[in-house]
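Structure, as structure tokens:
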Amino acid sequence: MKNFNTIDQELAEKVQTVLVNTFPEGLPEGFSSSVVKTADARNGDYQCNDAMALAKALRKNPREIAGNLAAGLADPEMLSSVEVAGPGFINFRLNPAWVAKRLVDTDAHAARGTPAAGEGKTVVIDYSSPNVAKPMHIGHIRSTVIGNALDRLHRFCGYTVISDNHLGDWGTQFGLILLGYRHFLNADALAASPVQELERVYVESYQKSKEDESWLEAARQELVKLQQGDAENLALWEKFVTLSLGEFEKIYQRLDVRFDLHRGESFYNDDLPGVLARLESAGLLVESEGAQVVDLEEEKLGVCIVRKRDGGFNYATTDLATVFSRVREFKPETILYVTDERQQRHFKQFFTVCEKLGEAVSLQHVWFGLMRLPEGTFSTRQGNVIKLEVLLDEAERRALEMVKTSSPDMPEDQQREVARAVGIGALKYADLSQNPQSLVTFTWEKAMALDGNSAPYLQYAHARIRSVLDKHAAQFPEDDVAGAAPAAELPVEQVLGLKAVQFPEAVIGATRHYRPNYLADYLYELAQNYSTYHQSVPFLKSEDGVRESRMRLIRMVADTLKTGLGLLGIEAPERI
RNA sequence: GCCCCGGUAGCUCAGCUGGACAGAGCAGCGGACUUCUAAUCCGCAGGUCGCAGGUUCGAACCCUGCCCGGGGCGCCA
């Protein structure tokens, strides 16, 4: 299969070639040419700013460099103009005929012209990772939705992806849960809503431990028994895990999220002593205040505790074991961790330890801003959490209201199906369309926006095209759409065609920077361009020849929208 | 006290290795459905990019200081 290059990259390579020829004495150390999209279409489609940077380094006149460069870059087939402007900008305008051809070429390609940047590379993505015995709430949605988009994006770019749900299934809370389960359990409640009941007994047990020292001690004993493999506690623990996984799975199905692995912390339990031994033999282990730690003061990261004073291991130890195991088993180039911002220091710590141990893997913490409520942070103990299940229900309910008013003739089961895709899509898009690192304050209104820059806007554009295409197929069964060249006569068509052909740049950018919002922005612009087009020309009433070309163009736009939404984990129904 | 983020239009946010007069959505105002989905489109209005310096041909973006908000800082994860 043909391997495509993105347009900006293709132009940058042209520039590089000309530069190497123009400056046989060599370019500045570390210099590599770059071409970017213009901010303003009046300046062209792409621009190169290298002349200014080079002028400084080579002590030459930027306009002169730009002039020479522009002359060497002339390529009438691809570029309708190459012009020098301002202090030394080189502006490129693509030839609409070239764009149209490109469109056709990429249309035949499974990844719509996206380069296989990840060919031969493996990436492990660790995301979602809820705690066993606690219901998932709105705090989990960002990790799940962003992690899943990164998962899809990487696969699309040719990476081998191992998605792993690193469940919080092992830790001190289980002592309290075991005790609470034995004393406070309501069997009916457990049957009705297992995880909610498990959480309830945990909270009750936790509260009792606050006022009753002996209760806390008893919980510690239960934990020790569990860790030593006590059959009864182990069986209960397994039950907690199974029940929780079952409930999480319902949420994941609704969100269309699948994992390759569900390896919780407990999976690495037997490896923990080995981690310590390895640190020991690497000379990194130090005793401090009774605990075993790795000293990271030099890196200004404090100390990383790998064995507690009481002899127990903690999360840093588990995370190290997890890295070792993943590296051994999957040989990944990169491991991505998608969690909220609070864990930055922890990740820096154990990343540094891995580096000291010489682990040959790139560890990346993709963190996102913590979700807050308008009245402040939320927590289980304050009782102001919004459960994920409730959130999904509400999203679908609001979408259904809208579907019923806008498509009253649609059969009811289809209305529900559309409402599901639209409601869940809106929710996901709300998270994916902004910079992950910005703070987010949860509001129902924002999370479930159904107009403006929202998933339903994109889904609507897509469904409109499908509807036009279906009507066209019914009215003009003789038309050869597949054989028609995409329309590129009118300015609106050229704008739309160019946007469509830039899809790979958005995908690559989103993947490389771990920023799904780059793709979301792009798709929104594509849908906007389509909506303008839809408004300004007739389709079914356009003349023979023109009609097929327009169908060809919008069909490709629809496919691009659908593919792009798919990469964000959002469905694109045929009708909405 | 130290470290990490954020501060852009009334509100919610983009702004992709510094680039050409700062962009959307919502809300507001004015227009467009006897054509294919008006969940739409077109137009108007709205900003000292937290503040003050600095680097640069060029700064919302880089550096320094300060102000405000969020988070983190040894045995929770």
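Worth knowing before you read on, the calculation uses all heavy atoms, side chains too, and leaves out hydrogens, waters and symmetry mates.
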Using a 4.0 Å heavy-atom cut-off, does A:V537 contact any base of the nucleic acid, only the sugar-phosphate backbone, or nothing at all? base

Which part of the nucleic acid, if any, lies within reach of A:V36 when heavy atoms closer than 4.0 Å are counted: base, sugar-phosphate only, or nothing? nothing

With C1' as the reference atom in both, quote the distance from B:G69 to B:G50 in angstrom, rounded to an integer. 11 Å

Just how far, in rounded Å, is P of B:C36 from OH of A:Y460? 11 Å

Quick one: do the A:Q207 and A:S209 side chains pair a donor with an acceptor below 3.5 Å? no

Whole-Å distance separating the CD atom of A:Q535 from the C1' atom of B:U37: 13 Å

Side-chain donor-acceptor pair under 3.5 Å between A:D319 and A:Y337, yes or no? no

Using atom types as modelled, flag every donor-acceptor pair under 3.5 Å from a side chain in residues 284-305 of chain A to any protein atom, sequence neighbours excluded.
residue : atom : partner : partner atom : Å
A:D295  : OD1  : A:E297  : N            : 2.8
A:E299  : OE2  : A:K356  : NZ           : 3.0

Of the listed nucleotides B:C36, B:C4, B:U17, the one nearest the side chain of A:S34: B:U17

In whole angstrom, give me the gap between the C1' atoms of B:A45 and B:A9. 11 Å

Is the base of B:G74 syn or anti, where syn means the angle lies within 90° of 0? syn

Would you kindly check if the NZ (Lys) or CZ (Arg) of A:R547 is within the cone defined by 45 degrees around the ring axis of A:F539 and under 6.0 Å from the six-membered ring centre? no

Might you list the N or O atoms of the protein lying below 3.5 Å from N or O atoms in nucleotides 59-63 of chain B, with each pair's distance?
none

Evaluate salt bridge (Lys or Arg N to Asp or Glu O under 4.0 Å) for A:E396 paired with A:R420, printing each intermediate quantity in order. CA-CA 5 Å; A:E396 291 182 18; A:R420 193 187 55 72; 5.8 Å; no

Could you pick out which residue, A:D340 or A:R515, lies toward the 5' side of RNA chain B when each is mapped onto its nearest nucleotide? A:R515

For B:A14 and B:C76, measure between their C1' atoms and round to the nearest Å. 36 Å

A:Y514 OH to B:C16 P: how many Å, rounded? 18 Å

Can you measure from CG (A:N165) to OH (A:Y127) and round to the nearest 0.5 angstrom? 8.0 Å

Which ranges of RNA chain B pair up as stems, where a stem means three or more consecutive Watson-Crick or G-U pairs with both distances under 3.5 Å? B:1-7 with B:67-73, B:10-13 with B:23-26, B:28-32 with B:40-44, B:50-54 with B:62-66

Regarding A:S454 and A:D451, do their side chains bring together a donor and an acceptor under 3.5 Å, going by distance alone? no

What are the two closest non-hydrogen atoms of A:P436 and A:I146, and how far apart are they? CB-CD1, 4.0 Å

Rounding to an integer number of angstrom, what distance separates B:G6 and B:C16 when you compare their P atoms? 12 Å

If you measure only the distance, is there a donor-acceptor pair under 3.5 Å linking the side chains of A:H365 and A:T339? yes

Considering heavy-atom distances to RNA chain B, does A:V440 or A:R575 have its closest nucleotide positioned more toward the 5' end? A:V440

Can you see if the side chain of A:K471 gets near the phosphate of B:U35 - specifically, an N or O under 4.0 Å from OP1 or OP2? no

Rounding to an integer number of angstrom, what distance separates B:U55 and B:C63 when you compare their P atoms? 15 Å

Would you check if there is a donor-acceptor pair between the side chains of A:Y46 and A:Q502 at a distance under 3.5 Å? yes

Given side chain to side chain donor-acceptor pair (under 3.5 Å), test A:D169 with A:S266 step by step and report yes or no. CA-CA 6 Å; A:D169 65 354; A:S266 63; 2.7 Å; yes

To the nearest angstrom, the CZ-P distance between A:F442 and B:U12 comes to 16 Å

Interatomic distance where CG belongs to A:D451 and C1' belongs to B:A27 [whole Å]: 11 Å

Return no unless some side-chain N or O of A:Y457 is found under 4.0 Å from OP1 or OP2 of B:C41. yes

Rounded interatomic separation in angstrom, taking NE2 from A:H472 and C1' from B:U35: 15 Å

Point-to-point distance, once rounded to the nearest 0.5 Å, from CD1 of A:I508 to CG of A:L519: 11.0 Å

Rounded interatomic separation in angstrom, taking CG from A:L526 and P from B:U40: 16 Å

Under 4.0 Å from OP1 or OP2 of B:A14: is there any side-chain N or O of A:S438 that close? yes

For B:U37 and A:S467 - does any side-chain N or O of the residue sit under 4.0 Å from the phosphate oxygens OP1/OP2? yes

Tell me whether the side-chain N/O atoms of A:K446 come closer than 4.0 Å to OP1 or OP2 in B:C13. yes

Taking the same atom, P, in B:G23 and in B:G46, what whole-Å distance lies between them? 14 Å

Base, sugar-phosphate, or nothing for A:L301, non-hydrogen atoms under 4.0 angstrom? nothing

Does the side chain of A:T532 get closer than 4.0 angstrom to OP1 or OP2 of B:C42 through an N or O atom? yes

Name all pairs fulfilling the ring pair (Phe, Tyr, Trp, His ring centres under 6.0 Å) condition that reach into residues 293-321 of chain A, sequence neighbours left out, sorted by first residue then second. A:Y315-A:H346

Measure from OH on A:Y518 to P on B:C16 and round the result to the nearest Å. 6 Å

Heavy-atom protein contacts under 4.0 Å, nucleotides 72-77 of chain B, coded B base, S sugar-phosphate only, - none: SSBBSB

For atom C1', what is the distance between B:C51 and B:A39, given to the nearest Å? 42 Å

Please round to the nearest 0.5 Å and tell me the distance separating atom CG of A:D521 and atom CG of A:N517. 5.5 Å

For the residue pair A:T317 / A:N314, report whether a side-chain donor-acceptor contact shorter than 3.5 Å exists. yes

Sort me out a list of protein N/O and nucleotides 18-22 of chain B N/O pairs below 3.5 Å, or just none if empty.
residue : atom : partner : partner atom : Å
B:G19   : O2'  : A:Q47   : NE2          : 3.1
B:A20   : N7   : A:Q47   : OE1          : 3.1
B:A20   : N6   : A:Q47   : OE1          : 3.2
B:A20   : N6   : A:N91   : OD1          : 2.2
B:A20   : N6   : A:N91   : ND2          : 3.2
B:A20   : N1   : A:N91   : ND2          : 3.1
B:C21   : N3   : A:R42   : NH2          : 3.3
B:C21   : N4   : A:D40   : OD2          : 2.5
B:C21   : N4   : A:R42   : NH2          : 2.6

Rounded at 0.5 Å granularity, tell me how far OG in A:S143 sits from CE in A:M136. 8.0 Å

Sidechain N-carboxylate O distance under 4.0 Å for A:D8, A:K37: no

Atom P, compared across B:G18 and B:G25: separation rounded to whole Å: 28 Å

Look at the side chain of A:Y524 and decide which nucleotide, out of B:A39, B:A24, B:U37, has an atom nearest to it. B:A24

